[in-house]
Every structure is written in structure tokens, then in C-alpha cells.
There are 2 protein chains.
Amino acid sequence: METRCENCIVRQYNSLRALSKDELKEVSNSKILKTVKKGESLFEEGEKLDGVYCVRNGVSKLSKLSATGKEHIVKLASNGVIMGQRSVIADETTHLRAVAINDMTVCFIPKHTIINTLNTNPNFAIEVLRHMAHDLKEADNVIVNMSQKTVKQRLGEAFLYLKKNYGEDNDGYLTLTLSRDEYANIVGTASESCIRIISEFKKKGLLKTSGKKIGIVNEKGLRNMITGF
Amino acid sequence: METRCENCIVRQYNSLRALSKDELKEVSNSKILKTVKKGESLFEEGEKLDGVYCVRNGVSKLSKLSATGKEHIVKLASNGVIMGQRSVIADETTHLRAVAINDMTVCFIPKHTIINTLNTNPNFAIEVLRHMAHDLKEADNVIVNMSQKTVKQRLGEAFLYLKKNYGEDNDGYLTLTLSRDEYANIVGTASESCIRIISEFKKKGLLKTSGKKIGIVNEKGLRNMITGF
DNA sequence: AAATTTATATGACATTTGTCAGTTTTAGAA
DNA sequence: TTCTAAAACTGACAAATGTCATATAAATTT
């Protein structure tokens, strides 16, 4: 498998694209390619990271446990997303746990390489800033959604999000398959509520299911339900 | 009033502390001191900012309107907080509205000064990154709280937050006085629910009120209620 | 000071969502 | 393939929260 960062396509999606040729070479030499099986964790909440993970392939969920032990999935990370950046930069332990949703390949880039580049290449720092600024905006949007939309609306949005970002297979089912429990942990509800709403959407002809797979049948209808009509 | 950034104490709380003497001088020369009256807005959602605001005095709420026109207060900004940084850096319109909760004095620092310094001083960029990393972590915490705590718990936390960050007056009332509606818009609930919970807390001897002022009577009890006991 | 507006408060009720208990289905292991 | 554990599902009910209507209190204007 091609493992030179210089030739890696996922790079264009993240802040590494601000690196010079030489810097890229350094990253490439210091990085370690890892494979992570579905269900395995990349890092745990509260862990001290000595590097970041750049996702080449597969999808990871980034989640946080509440005081009562319930999981909340804050974000999904796929192709090109760099995980652990926040805690490496802030020099803090992670506040999120990363678990592979399907088989993954990731590149581990040591902390010192990141920090070095950050100190010497302002463009890279600014690029990282831009990404973080974007994430922050997204997070604010999620906060408002959580507080002002119903579970039904949030779940509907989750389906549209998955379709948009991961697409659907030949039979019209969402490519990225999540369990009902994971859906519940994304929108912040109980799995039973989640299941009930999926049933309701099926009855209304908005969705179809096959096992745990879910397909969007009537996207416009789903959209209308989300906006409240 | 002293208006040289070099001598401004709020600077130590924000990323400007990474600036060199010369850079500070430049900021100081390009900044404009403004006063904002209670209720006035510093900027609106969707506005293009050509600079950031550094809070010298007073408190501002940063809020977002939902599709249904309901306000959600995402953050309070006081002493030393720099507002508008995110959108200036990302070169996007603001996603939040800033309104003064009480009379404020703020320094407006033009965009080009910020961007210049960002491009030339990696320390400043890293300092900004650290702050944004912190905000991002906070935002994730809020998301999980919104999804997994009850309104009662979130409201309780809001009171503790206000006490910790803005203190209380001689009579034991919170220094920063918010309307019931604003409390509701912070925790993401209806003002009636908010009012009801305040009444309940009063009956239980956790809070006291005097007009719109609110005081914490039994902090330990309040804390217990939040953690679920 | 009176009038008017705005904020706070409370009751009654509807709706949403969570919890628990149990059944059925599915997917993976033996 | 059969067995078994986990996931998906459903019903019944309880709890939390939102909505609407209305009353009272506080703040502001006239």
C-alpha cells in the first residue's frame, strides 16, 4: 500500500495540505500506519495522546460518557479527518473516546512533528485554526439543535447527514450502517425512542429498513418533517 | 481612561498576551475603544466582521436564533474575552449575535492587524489555537449536557456557573442579573419551565430571589441535585 | 401618581420522551 | 445448521417538559 504522505489523497482534506514538501517528508517519515478493526478503540477519554491520527480509511465515532455512563457520540470521523488534534495542541488529555465503526486504516503522526511544524510554519497553524473554527461553529449549531429541535427532527437530520456524507448503496440503503443504539447516542435519546421513530418513518413511507440497514425513500418528505411541515 | 493595550490588564486572559512589545503597540494604535449600552448589539448573526472585539468591561451574550425564531444563548463573554475571532479567522460571516447584558466597554481591533500578527508570529497563532481548542472542548461538554441532563440540572449548573464566574453581592445575590427568559435561553427550555424550577428551588431552600435577582442559599444542596442525589 | 408595558408567576393540560418489561428477530459462534 | 447472545422491536406506563391562558408584580412611560 502506498504510504508516502506526499502521495496521499486524504491530505487535501485536512490541514496537512499547508505543509511544504520538506515538512511533508518529515511527517511521512515519522508517521506510523495502523489498522484498527471494527469495534476497537483508538484512544480512550482522558488519555494523554502523544500524537494525532489521520484517517485514511473507515469511520470512527468520537464519543463522551456522561456521569451516568451513557455514551454520547459527538462526531463521526472519516477520510482525511485528523483526530486528537485538539488535545495535542492544548496539551491536555483527550475529552473524547475514539472507536472504529468499521475497519479502519489510520496514520499516527507523533506529537513533536505536529508541534514543530506548528511553531515554524504559520500557514499550517492558520490552516489548523480554520479547521478548528469550523468545528466550533458546527458544535454551536449542534447545541442549538439539541435544545430546540425534537428527537424526531434530529434523527431525520442524522439520516440526511449520513446520506450526504457517506452515500447509499445500489439498493438505496445508507452506506454507513449504524446500530439503533448508535443513532440514539448521536441524537441524544433512548434507543427505544429511536426505534419507535424509525418505525413511524417507515409507516409514513419516508424510510425503509432491511435488518439494521436504513434507506431514505422520500427525502423531500423527510426534509419537510425536519423543518416542521 | 487608560487605553494603551500595553497596560491593559484584561490582555493577560486572552491570546494577545503572546504578542511582542512592538506588536502590542501596533494593536494599541489600530484599536478603537467603544462603549456599548445594555441591550445594544455589537454584531448580528450573519454579519461580516472587519475586526474583533476585546471585552474590557461588562458582559455580552452570544446567541443564535433557531429556525422558529427562538434565541439560544451559546456563551457569555466578559473581561478579556475576544469576540468575533472565529469568524475573522475563518473569514466567514458570524454565526452568533452579540448583545450587551449590561453596559460595556470594548476594544475593536481591525481584522488586518489580527491577520498580520497571525501570519508573522507563530506564538500568537498557537495561543489562539489553544483558546479555540478550549472552547471546542467546552462546546462538546455542553452538547453532552444538553442531551443527558434534565432542565433542572442544567439550570442548577447555570446558577453555579454565574456564581463562580461573576460572584455575588453583599446580600448573597448573583452579581450578574439575568432575566428568567435569558436563563431559559441558556439552558434551552421555556421561560415558564425555568420560572417553575426556580420556585421549586426556593421552596427547597436552595435559592432565594428578590425581584429578578437570584441568590444561592444552599450550594451543596444545589450541587447534589445536579449530580442526581 | 396613574397608566401602560413588560416580566414574573401559577394552573391546567397536551405532548414528548424515558423506563421497564417482555417478545421477536438477527447475526455470529460453536 | 443449530445454538446463543445481542440487537431490534412493541406495549404500557411514568416522568419531564412545553403550551396556553391568566393573574400578579415590577418597571417604565406619561
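These values consider heavy atoms only, across backbone and side chains, with no hydrogens, waters or symmetry-generated copies. From a predicted model like this one, the values you see are computed outputs, not experimental measurements. Lettering of chains follows the sequences in order, A, B, ..., and the numbering in each one begins at 1.
A side-chain donor-acceptor contact under 3.5 Å links Lys64(B) and Asn141(A).
Rounding to whole angstrom units, CD of residue Gln153(A) and C1' of dG18(D) are separated by 14 Å. Residue Ile214(B) contributes atom CD1, which lies 11 Å from atom C1' of dT8(C) at whole-angstrom precision. As a whole-Å value, the separation of Phe201(A) CZ from dC9(D) P is 14 Å. Distance CD1 (Ile197(B)) to P (dA16(D)): 10 Å, rounded to an integer number of Å. Computed from coordinates, the Asn185(B) CG to dT8(C) P distance equals 12 Å when rounded to whole Å. Atom P of nucleotide dC9(D) and atom CG of Asp181(A) are separated by 12 Å, given to the nearest angstrom.
The side chain of Thr189(A) contributes an N or O atom lying less than 4.0 Å from OP1 or OP2 of dG18(C). Within the 4.0 Å cut-off from OP1 or OP2 of dC9(D), not a single side-chain nitrogen or oxygen of Arg196(A) is found. Listed pair Ser199(A) / dT10(D) meets the phosphate criterion, a side-chain N or O lying under 4.0 Å from OP1 or OP2.
When the nucleotides dT17(D), dA8(D), dG18(C) are ranked by their closest atom to the side chain of Ser193(B), dT17(D) comes out on top. Of all nucleotides listed (dT10(C), dA21(C), dT17(C)), dA21(C) comes nearest to the side chain of Glu192(A). Listed candidates were dT17(C), dC9(D), dA9(C). Nearest to the side chain of Arg180(A) is dC9(D).
The distance from atom CG of Leu136(B) to atom CD of Glu138(A), rounded to the nearest 0.5 Å, is 11.0 Å.
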> What's the verdict on side-chain contact (heavy atoms from CB on, under 4.5 Å) for Thr94(A) and Glu44(A), showing C-alpha distance, side-chain angles and the deciding distance?
Replying inline: CA-CA 7 Å; Thr94(A) 60; Glu44(A) 297 291 328; over 6 Å; no

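Remark on DNA chain D: of its neighbouring residues Ile195(A) and Ser147(A), the 5'-side contact belongs to Ile195(A), judged by nearest-heavy-atom nucleotide. Summary of the strand contacts: Gly211(A) and Arg154(A) both lie near DNA chain C, and taking for each the nucleotide with the nearest heavy atom, the more 5' one is attributed to Arg154(A).
For Asp91(A) and Lys48(A), the salt-bridge test passes: some basic side-chain N is under 4.0 Å from an acidic carboxylate O.
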